[in-house]
Amino acid sequence: SVSPRFTDNGDGTVTDNLTGLIWTERVDCFPYTQWIGALALANSLADPSCDLTDGSVAGDWRLPNVNELFSLSAFGPGTWALPLGHPFKNVPVDGRLWSSTSDQSNPVYAFTQPLESGESTGGVFKSQAHLVWAVRDPL
């Protein structure tokens, strides 16, 4: 493990020191949306939206894949929860986070990460509306 796990960058972003990924500090930047819209919203994110002051431009951000979402969990698949003391803001207490990962066996589904503990991740219809949380690689 890495200590500290997260660094609040002071610009609306948080670096995960374990993976190197950079996440928006606010988890509630976007409305519930269908999968194709989630991809577009994440890709269009740029400073100054979502309280960002990081100089990012459209195309820097993206929807995380299912493994990247799993990497944030304090417990792993099945009981997903952010580690205690995390610096993220406005984390919804329930709902599902979209991943960019389609279900290869049935491409009308994409994988999501439920925010409620005790649920396992699973493919849901891409036509459903779920939460969008953007991630980027270091600039």
On a heavy-atom basis, which atom in W98 and which in K126 lie closest, and how many Å separate them? CH2-CA, 3.8 Å

Does the plane of the ring in F88 sit parallel, tilted or perpendicular to the ring in W133? Use 30° and 60° as the thresholds. perpendicular

Result for side chain to side chain contact (heavy atoms under 4.5 Å, CB included) between R96 and one of Q113, H130, Q128 points to H130

When D16, T19, N17 are each screened for side chain to side chain donor-acceptor pair (under 3.5 Å) with R5, the one that passes is D16

Could you walk me through whether K89 and D51 satisfy the salt bridge (charged side-chain N to carboxylate O under 4.0 Å, His left out) test, starting with their C-alpha distance in whole Å, then the side-chain angles of each, then the deciding distance to 0.1 Å, before giving a yes or no? CA-CA 11 Å; K89 295 180 180 173; D51 300 334; over 6 Å; no

Could you state whether V91 and F6 fall into the same hydrophobic cluster, counting links through intermediate Ile, Leu, Val, Met, Phe, Trp or Tyr residues with side-chain heavy atoms under 4.5 angstrom apart? yes

Donor-acceptor pair, S99 side chain versus F111 backbone, under 3.5 Å? yes

For the side chain of T7 and the backbone of N9, is there at least one donor-acceptor N/O pair under 3.5 Å apart? no

First locate atom CG of D47, then atom CG of D11, and finally report the distance between them rounded to the nearest 0.5 Å. 8.5 Å

Between T53 and G10, the two heavy atoms sitting closest are OG1-O, 4.2 Å

Return the CD1 to OG1 distance between I22 and T15, rounded to the nearest 0.5 Å. 4.0 Å

Ignoring hydrogens, what is the shortest heavy-atom contact between S56 and L52? Give both atom names and the distance. OG-CD1, 3.8 Å

Interatomic distance, L41 atom CG to I36 atom CD1 [nearest 0.5 angstrom]: 11.0 Å

Donor-acceptor contact below 3.5 Å, side chain S49 vs main chain L45: no

For the student: nearest non-hydrogen atoms of P138 and G20, plus distance: CG-O, 3.4 Å

A40 backbone acceptor or donor facing N43 side chain under 3.5 Å: no

Would V135 and L72 show up in the same hydrophobic cluster when neighbours are defined by side-chain heavy atoms closer than 4.5 Å? yes

Would you say V124 ends up clustered with L97 if hydrophobic residues are merged whenever their side chains have heavy atoms under 4.5 Å apart, either directly or through other cluster members? no

Going only through I, L, V, M, F, W and Y residues with side-chain contacts under 4.5 Å, is there a path from V132 to W35? yes

Where L131 and P92 come nearest, the two heavy atoms and their spacing: CD1-CG, 3.8 Å

side-chain contact (heavy atoms from CB on, under 4.5 Å) between T13 and W23, worked out: CA-CA 6 Å; T13 69; W23 298 84; over 6 Å; no

Tightest non-hydrogen contact, residues N90 and D28, listed as ND2-OD2, 3.1 Å

Quick one: do D54 and W61 satisfy side-chain contact (heavy atoms from CB on, under 4.5 Å)? Show the steps, please. CA-CA 12 Å; D54 66 336; W61 294 92; 3.5 Å; yes

Walk me through whether L39 and S100 qualify under side-chain contact (heavy atoms from CB on, under 4.5 Å). CA-CA 7 Å; L39 292 170; S100 62; 4.1 Å; yes

Hydrophobic cluster membership, Y109 vs Y32, 4.5 Å side-chain cutoff: no

